[in-house]
Every structure is written in structure tokens, then in C-alpha cells.
Amino acid sequence: MKLVINSPRGTADIYGEDIKYRDFINNAARTIFKIFNFNELITPAFEYTEVFSRSIGEETDIVQKEMYTFNDKKGRSLTLRPEGTAAVVRAAVEKKMFGSGNLPIKLFYIGNMFRYERPQKGRMREFWQLGVEALGSDNPVLDAEIIWMLNLIFKRLGFKNLVLLVNSIGCLKCRKSFIQEFKKYLEPKKAGLCGDCIKRLKNNPLRIFDCKVGGCAEIAQKGPKISGYLCSSCKTHFKDLTDALSSLSVDYKISDSLVRGFEYYTKTVFEIISNDLESAQNALGGGGRYDNLIGQFGGPELPAIGFAVGIDRTIMLMKDLGIGYGPDTKNIRAYLVSLNDECKGYMLEILRLLRDSGISCDINYTSRSMKAEIKKAEKLEFDIIAFLGEDELKNDSVTIKDLKDFKQYTVSKKEIVGKIFEIAGRI
Ligand code: AMP
């Protein structure tokens, strides 16, 4: 008898042109990860079940309905990873990556994920994601950088008609007061909600915003706005983030109803959507801040932020829109150091100039002495340091130190990119 077997429902064999698209996307993303100073982490395709159930949230659809969970031969409960963040945090805590002086830790991953969903165009049971996690800083500039990076990946791929949505869902305290009011608003409207959302109303009402059934999301959107319940520190954080996005010339739209599906998110959440995709599957990638997760895993109480991009969905949309695949660019490493807080806006301007030009570069998140920064830059093997201080701010200039021969140059903002390429010998 002949054995005739198909691949399991919701999975795909990837070959031919799709491999070319994947290579193009992964290479473009890897180039950008390098420019933003992120390093790769590969975690196992399965973890102990608690890694996901406790972090993503027992009340979420993913944990309740979509996980591939099984016992191994010794009866331990394992789960095929449904997402990347929990595993990255587990690995960072287990491997004690949080040394003093190296925060935030910037990691990226590319891997397959598994969710038992109803397969349809753009939604599969095994799919691929690439993502980043920056662990150990709550600086809103970092949020802005992460959002900028997400945007830049899609720009590099050739997308034009994309919308970047951002919102703040506040810290656990602000969310509590919002949820109280939100429940009060929904109680009398219960009859309009689907069965799942009636359950969600009790345990996890924010998920109602994400419901794809009937008019649930619409009812939620007409209710109170979480922005009205943010504490002053979360409000300031969000304002600083949006200011930084504006300094970086990243176009964004504030979306009051964006909450996203995982329970671990705090403060900033964001999503990049395409208006060319059917509404239910129009999100290409998204992410948010998760300031309590590292502590929950037994690590230090450190804040963090990350995003994930769906590779399969990105390929699908590129093909639909007639976007092709092509080659990618350069590689030079710079460390941008601001010597005082007044330079914050100026630093972002220079950072954008450098990264837009394909120069791999990172910044100091806390100002220290010039000597300490030089030491750090040498340890992290940067090629040059670009310093910004009082004089540089006044004169619209930058001081560049070549770490190979310790020569120093002060150049105008207009000349900086050219000078860096000259030093690196790669004009
Ligand atoms: P999430 O991890 O749910 O925030 O999803 C991040 C991105 O992964 C989404 O924007 C999609 O592009 C992609 N994605 C999520 N679930 C699936 C799925 N079942 N099939 C294909 N892509 C998915």
C-alpha cells in the first residue's frame, strides 16, 4: 500500500520563491538589528509549559485554546513556543545576562512559532516570526528606538502604505482603575457581547478590544479610554516616547483602543498594520513594554520592551502588493555618547542621521564620564565614538574619536556621515 500523507493542517512547506523572500526579509532585518546593536539569541522550539502559561496569562486565548502542549516520556508538560518573548526572558534570567554596566541587553531572534488557530489566509498553526527584546531600561527613548526599528524594517522591505499605531495601557496600578470603570460600562451591554467576551468581562476585559467576533470590539471602543486613567508617571513616559518619535521623524497614530493580546504588557504598546490586508489579519507586527516579566521569572526587577514581526504574513503582503526581493547594504560601528541631558533631542537627531545612512550605532542611556564611555566603547568593539556635549550642541557639530588611532575630529552635522565613512575607509 502507498503511504499518502499531507503536511499537517495550518503548516507549510517553504521553497522556491518563498525562500528568496524569507532570505531577503531576514537579511534586511539582520542588517537593521546590527545597525541598532542587537545580538542574536536562539532558544529551544519548546519550553516547560509554565514559561508561557504564567507569562502570557492564563486567561488569554493563546494559553486557553492555542498552545501545543504535551507530556514527554517522563510526564513533564512541554509546550511548542507560541511566541518569542517569554523564552528570551527565561533564557536571559537563566543565563544571568544582566551584568551591571551592560544594560539594556539587546537581543533578536528568528524562529518558528506554533498556535492551534483556525487556519486561513495569513493565519497558520506553524508560522515564523522575527523579533527583538531590549531588557533592562525604562527610558522612553528606548521605546522610540524599538518602534522606529520596526518601522524601518518595513521601509527597507519597500512597504509604503503602513500605519504605525501606538498607545499606553499604563502600569498595573493605572490599569486597575481603568478596568473597574470599563467593567461598569460593559455590564449593562453584556447582551451585545459574544460568549467568550462575557467570560473575558470577568477575568480579562481588555481582551474584548481584540475580539474578532460580532460587534464586541466596537462596543469596547465606544467605552472609556485607558488614556484617561494613566498616572502622571505613565503619562510622562508616553509623552516622552511620542516626543522622541517626532524627533526621529517616525510617523505614528495614537490608537486609544490598541491593547494587544498578552497579559504581560505595561505602558507602551504598538502595532504596524497594513491597510491593504483584510481587517482581521492586517497586523504585520507589534509589541510592547513588559516591565514586570523579568522579575516574574525570578530575575532582577528590570523593565523591558520588544516586538515581533510575522514573516509569513509579510511575504504574503509583499507578493500581493508586487514588492520584490533585492540585495542589502553596509556595516560600520559607532557609539554615540551624549555628555549631558540637554543634548537628548540633538542626540536623537544624530542617531537618526547615522542609522538612516546604514551606520551601525548605539547610544549611552546613562551619562557617565568620557573616560568610562571610551572604555565601554572599546570593550564593545565599536570603531568610533561620536561625542555630543555643550559645545557640540551650541555649534551643531559632533566630535568623533577614531578608536583605532585615537585621532579626534570635530565636524558639522552635515559632514558627520561622510567623515565616518571616510574613517572606516568605506566611502
Ligand atoms: P503576536 O505575537 O500575536 O503579537 O503577533 C505578531 C505578528 O506575528 C502578527 O502581527 C502576525 O504578523 C504574526 N502572526 C501571529 N499569529 C500568526 C499566525 N497564526 N499565523 C501567521 N502569522 C501570525
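First listed ligand is number 1; within each ligand, the first listed atom is number 1. In what follows, every heavy atom counts, from backbone to side chain, and hydrogens, waters and symmetry copies are set aside.
- Between the side chain of N167 and the backbone N or O of L258 there is at least one donor-acceptor pair closer than 3.5 Å.
- Here salt bridge (Lys or Arg N to Asp or Glu O under 4.0 Å) pairs that include residues 16-29, with residues two or more places apart or in two chains, are D18-K319.
- Looking at F297, Y264, F262 one by one, the single match for ring-ring contact (aromatic ring centres under 6.0 Å, His included) with Y290 turns out to be Y264.
- At a threshold of 4.5 Å between non-hydrogen side-chain atoms, the residues L135 and P104 do not count as touching.
- Residues lining ligand 1 at a heavy-atom distance below 4.0 Å are given as R115, E117, G122, R123, M124, F127, Q129, R260, F262, A283, L284, G285, A308, G310, R313, ordered by chain and residue number.
- At a threshold of 4.5 Å between non-hydrogen side-chain atoms, the residues N39 and K106 do not count as touching.
- Of the residues F307, F154, F36, the one that meets the ring-ring contact (aromatic ring centres under 6.0 Å, His included) test with W148 is F36.
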